[in-house]
Amino acid sequence: MRIRLGFVANALGLWDASPSKTMTYKRYTELPKNERMDRLKEVTALNLNHTKRILYYLAAHEIEVYRMSSSLVPLATHPYVKWDFLKPFKKEWQELGELIRQFNIRASFHPNQFTLFTSDREHVTENAVEDMKYHYQMLEAMGIEKDSVINIHIGGTYGDKETTVERFHKNIKKLPAEIKDIMTLENDDKTYNVEETLAVCKKEDIPMVLDIHHHEANLTTEKIEEYIPDIFDTWKRRNMVPKVHISSPKTDKAFRSHSDFVDLHFISEFVQVLRKFDVDVDFMIEAKSKDFAMFDLIEGLSSIRGVKRIRGGTLEL
DNA sequence: ACCTGTCAAGTCTGG
DNA sequence: CCAGACTTGACAGGT
C-alpha cells in the first residue's frame, strides 16, 4: 500500500508565497470607486502567481497532494461585489490546471465553516450554494473538476441531529448536480461523528473524508477499523484513492486544537490500523507548520520498520 | 520593527 | 435578542 502526503494552502518553505492575500469588504468600500476593481485584480493575480510557485515547489519535492486556498479570489461571492474572476485570468487558471496535471497533483478545495447545508435559514443555504459554485468554477477554469473534490462538513446540529440531517438532505438538492457530484463530507470534531457522517454519505452517495483527529475528539462507540471499509467504499464511485485528514491535538486540555506539528505516535497507531486493509490512501496534513509539519511527518513515518519512502511525498508499506 | 484591533459569511453557549 | 468563543490569516494603523 502507498501513502501520499500533502499540505494545505501555504508553503512556508517559500518566501512570501501566501495564496490567500485578501481584501475585506470594508477596505474595498474605503477605496475610491475607480481603484476598487484594479485592487481586486491585483490581489487575485498575486494569489494565482503564488499558487503557481507553490505548484513548482510541490513538483520539486515530489509532493502530489495539495489543498488550494479558498481565498484565491477576494470577495468573489460577496453580494455587493461579485465580480468576474474567470475571464480576466483565463490564461492563469489554465496554466495552473496544466501544471497540476503535469505534476500529477491531486488538488482539492475546502470551503470555510459557513458553507453548510443544515441551516433552516434560506439565505444560509443560498450562500452555501454560491460558495460551492465559486469553488467549482475555479476548478472548471483549471479543467480539473473531474479529478478534484470540494470538501465540507455537514454543519450544525441545532439541538436535534435527526431533524437537521433530514434538512441537510433537503437543502443539498439546491446544489447543482455537477457540483454535488464532486463534493465530499468530513466527520466533525464537535457535531457529526464518523458514524453519523458515513450514514449521510452513503445515503447521498458522497465520498467521505476521514479526519482522524476529529474522530478522536468525537468518538463513536465502535473502533475506527470497523468503519474503514465502508468509508473507503464511498470513494469507489469516483474511482479515487480515499483521502484522510491528519493532525494531532495541541494539548490534552485543548484537544480539539491543531498542534503546530503532527505527533508521530498519534498517527503511527492509525497507520498500523490502515496496514491491515492494504489500501492506498492520501494524507492531507492539517497543521500550522504546513509543509514543514508534512516533511517532519514523512521523515518520522519513514523511520518506522516496514515503511519505505519511495518518492519525496510517497511512502510504501 | 513590532503590536493590536478588525474583518462577509457559520453555529454554540450563556445571559 | 446579543456578546463572546471557536478559529484564521492577512492587513492597516498606531507606537
### Task
Using the P atom as the reference point in each nucleotide, state the distance between B:dA8 and C:dG13 in Å, no decimals.
15 Å
### Query
Which value, in whole Å, describes the distance between the C1' atoms of nucleotides C:dG4 and B:dG5?
16 Å
### Query
Below 4.0 angstrom, N of the basic side chain to O of the carboxylate: do A:Glu30 and A:Lys26 qualify?
yes
### Message
Using a heavy-atom cut-off of 4.0 Å across all strands, would you classify A:His123 as base, sugar-phosphate, or nothing?
### Response
sugar-phosphate
### Task
Would you mind classifying the nucleic acid contact of A:Thr191 as base, sugar-phosphate or nothing, using non-hydrogen atoms under 4.0 angstrom?
nothing
### Query
Can you tell me how far P in B:dG10 sits from the matching atom in C:dA10, rounded to whole Å?
23 Å
### Message
For the base of B:dA8 and the side-chain ring of A:Tyr25, does the geometry meet a stacking cutoff of under 5.5 Å between centres and under 30° between planes?
### Response
no
### Message
So that I can tick it off, tell me whether A:Asp282 and A:Lys243 are bridged by a salt bridge, with the cut-off set at under 4.0 angstrom between side-chain N and carboxylate O.
### Response
no
### Message
Counting only side-chain heavy atoms from C-beta out, which of C:dA10, C:dG9, B:dC12 sits nearest to A:Asn10?
### Response
C:dA10
### Query
For A:Tyr158, which contact category applies under a 4.0 Å heavy-atom criterion: base, sugar-phosphate, or nothing?
sugar-phosphate
### Task
With heavy atoms under 4.0 Å as the rule, sort A:Thr118 into base, sugar-phosphate or nothing.
nothing
### Query
Which of these passes side-chain contact (heavy atoms from CB on, under 4.5 Å) with A:Leu210: A:Ile246, A:Thr197, A:Ile231?
A:Ile231
## Note on the structure
Against the side chain of A:Arg121, the closest entry in B:dT11, B:dA8, B:dG5 is B:dT11
### Query
Is there a donor-acceptor contact under 3.5 Å linking the side chains of A:Glu186 and A:His110?
yes
